[in-house]
There are 2 protein chains.
Amino acid sequence: MTGDARLSWQAVQEIVRQRIRQRIWKPGDQIPHEADLAQELGCARATVNRALRGLADAGLLERRRKAGTRVALNPIRRAEFSIPLIREEIENRGERFDFRILTREMRPPPPDIQARLQIGEDAPILYLQTLYMANHMPYVFETRWVNTRAVPAAQEARFDTMSPNEWLVREVAFDGGDFALSAISASTQEAFILGCSAGAGLLALDRTTRNGRQMITSVRLVFHAGYRLHTRA
Amino acid sequence: MTGDARLSWQAVQEIVRQRIRQRIWKPGDQIPHEADLAQELGCARATVNRALRGLADAGLLERRRKAGTRVALNPIRRAEFSIPLIREEIENRGERFDFRILTREMRPPPPDIQARLQIGEDAPILYLQTLYMANHMPYVFETRWVNTRAVPAAQEARFDTMSPNEWLVREVAFDGGDFALSAISASTQEAFILGCSAGAGLLALDRTTRNGRQMITSVRLVFHAGYRLHTRA
DNA sequence: CTCATCATTATGTACATACTTATACGGATT
DNA sequence: AATCCGTATAAGTATGTACATAATGATGAG
């Protein structure tokens, strides 16, 4: 802030944020259009565009061609939860990361997994159960199906030093996927593995990952009791 | 696709996506820099920049000045869950939205809420318990503390046609907040209200909303058993 | 050999300009 | 009054240019 220079798009964003915060522009209100704002603030329309687009992405504004830009009626509806990279999450806290493969076999997948992986028959595919630990305490319990039709190399892979997740990340390109968060009641097996009482509420994250049209793997992560996924907006 | 025209930034994105998918550019690899790509594809650097910036936002690429752009080692770590707007979510499914205020009183908040709302003393503030219903079935149970020091009008508000959430959205500007997702075991009260068995695993969403530095409200939403929050990336 | 310095380089930002696209609105037609 | 349609408008996109900033790697002084 040497005193002047032309406004950066971040500066424009901050100005708009303030006006919204101070209710100069109220929810539902139209705000001046790009050209006017650019002139008022003494910068290029492109700069205003960049700023407003950002705010729209963040959900603070709603924009439609010709209709103009208005302050979103419901400001905070999006929140980006970053899916934890288990190893990183644990090591960042200075704790010791560790994992143990509990099950590894070829097994015909149940119908819901067949559907998710979009494989028709019930020929066996790779099934893995892995327990991830922080300081030797159970952290998250992973149940994974790998579409060995799409990733045949997974059958030979050894998961002694590299976790199944890390192996897959290295070996196949991911492209997108589906996520679902839900709460489950710990089964006796889950309770035993995670060291909690049966029936405890546990956070479960289901993820199916694809590469183009190929479905690669479907995972359920069941976190230890008390786990929280948080973010700020 | 009339056959030509110069590439749009979306087209550039798609090309890059494909190259990553086909492992022409593997995780960790450097990709050509903007100027080269622009020349190769026959478009402006700004266009390439827009495309690559988007992919970096999405977590598919990692960019650093001078160091260049490389394919992210771990592609999918971010996932944006959109926080449901209860009314919308229910009505979009063609179901009947309804809510009932179960508790409404001034009450001194417990320490954790005091901390979250950043209010020092334990003078009473507004406490609300609301049940939201879809087709008259319990959908989500909301426990809310409103910082009446910041929003005095809330004390007089009537929540007969407008839910507390909708009222707040209309009356005060939000700016940001903290979110946390966790799983809980239904207490007997929660089980009774939501019509599930005590101890059932339920998804809980805690949210504290602020306007600038003022903390406005702190809410816990406890969803009905079986609720899933999902998204695709 | 170590550390500071500086040129180099790739991304990042700002701008003027021009053109494209979606769509709200008003006027014409039924 | 309802429907259709053209047009003006505001956002969206593309480009060339210029300069800013950060990080790397080489150079030179101590």
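A note on names: the letters A, B, ... follow the listed sequences, proteins ahead of strands, and every chain is numbered from 1.
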Student: Looking at the side chain of A/Ala44, which of C/dG12, C/dC15, C/dA14 is the nearest nucleotide?
Tutor: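 The closest nucleotide is C/dC15.
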Student: Classify the ring geometry of B/Tyr139 against B/His224: parallel below 30°, tilted from 30° to 60°, perpendicular beyond 60°.
Tutor: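 Tilted: the ring planes of B/Tyr139 and B/His224 meet at 30° to 60°.
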Student: Checking A/Asn135 side chain against A/Arg96 main chain: does a donor-acceptor pair fall under 3.5 Å?
Tutor: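 Checked: pair present.
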Student: What about A/Arg45, does its side chain sit under 3.5 Å from the base of D/dG12 through a donor-acceptor pair?
Tutor: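 Yes, the side chain and the base share a sub-3.5 Å donor-acceptor pair.
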Student: Between A/Thr143 and A/Arg220, does the side-chain hydrogen bond (donor to acceptor under 3.5 Å, both in side chains) criterion hold? Intermediate values first, please.
Tutor: CA-CA 5 Å; A/Thr143 306; A/Arg220 158 164 283 195; over 6 Å; no
Student: How many whole angstroms separate atom CG of A/Leu55 from atom P of D/dG12?
Tutor: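 It works out to 12 Å between those atoms.
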Student: Atom CZ of B/Arg53 and atom C1' of C/dT13: how far apart are they, to the nearest Å?
Tutor: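 From B/Arg53 CZ to C/dT13 C1': 9 Å.
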Student: Between B/Tyr132 and B/Phe99, how do the two ring planes meet: parallel, tilted or perpendicular, split at 30° and 60°?
Tutor: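 Tilted: the ring planes of B/Tyr132 and B/Phe99 meet at 30° to 60°.
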Student: Output the rounded distance in Å from CD (A/Gln13) to C1' (C/dA14).
Tutor: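 Spelled out: CD on A/Gln13 to C1' on C/dA14 is 15 Å.
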Student: Starting from the 5' end of DNA chain C, give me the residue, A/Lys66 or B/Ala67, whose nearest nucleotide shows up first.
Tutor: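 The residue mapped nearer the 5' terminus is B/Ala67.
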Student: Rounded to whole Å, how long is the line connecting atom CD of B/Glu62 with atom P of C/dT11?
Tutor: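 Going from CD in B/Glu62 over to P in C/dT11 covers 14 Å.
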Student: Strictly below 4.0 Å: does B/Thr47 bring a side-chain N or O up to OP1 or OP2 of D/dA14?
Tutor: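 No, B/Thr47 has no side-chain N/O under 4.0 Å of OP1/OP2 on D/dA14.
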Student: Could you check how far CZ of B/Arg64 sits from C1' of C/dA10, rounded to whole Å?
Tutor: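 One finds 12 Å between C1' of C/dA10 and CZ of B/Arg64, rounded.
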Student: Let me know the distance between CG of A/Leu7 and P of D/dA20, rounded to the nearest Å.
Tutor: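 Between P of D/dA20 and CG of A/Leu7: 16 Å.
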Student: More 5' along DNA chain C: A/Ala46 or B/His33, using each one's nearest nucleotide?
Tutor: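 Closest to the 5' end, via its nearest nucleotide, is B/His33.
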Student: Check the distance between C/dA10's P and B/Ile31's CD1 and give it to me in whole angstrom.
Tutor: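 To the nearest whole Å, that distance equals 13 Å.
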Student: Classify B/Gln10 by what it touches in the nucleic acid, base, sugar-phosphate, or nothing, heavy-atom distance under 4.0 Å.
Tutor: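 Sugar-phosphate, backbone atoms only, no base.
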Student: Could you walk me through whether A/Asp178 and A/Arg116 satisfy the salt bridge (charged side-chain N to carboxylate O under 4.0 Å, His left out) test, starting with their C-alpha distance in whole Å, then the side-chain angles of each, then the deciding distance to 0.1 Å, before giving a yes or no?
Tutor: CA-CA 10 Å; A/Asp178 299 305; A/Arg116 271 218 278 264; over 6 Å; no
Student: Using whole Å, report how far CH2 of A/Trp9 lies from P of C/dG12.
Tutor: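 Rounded to the whole Å, the gap is 11 Å.
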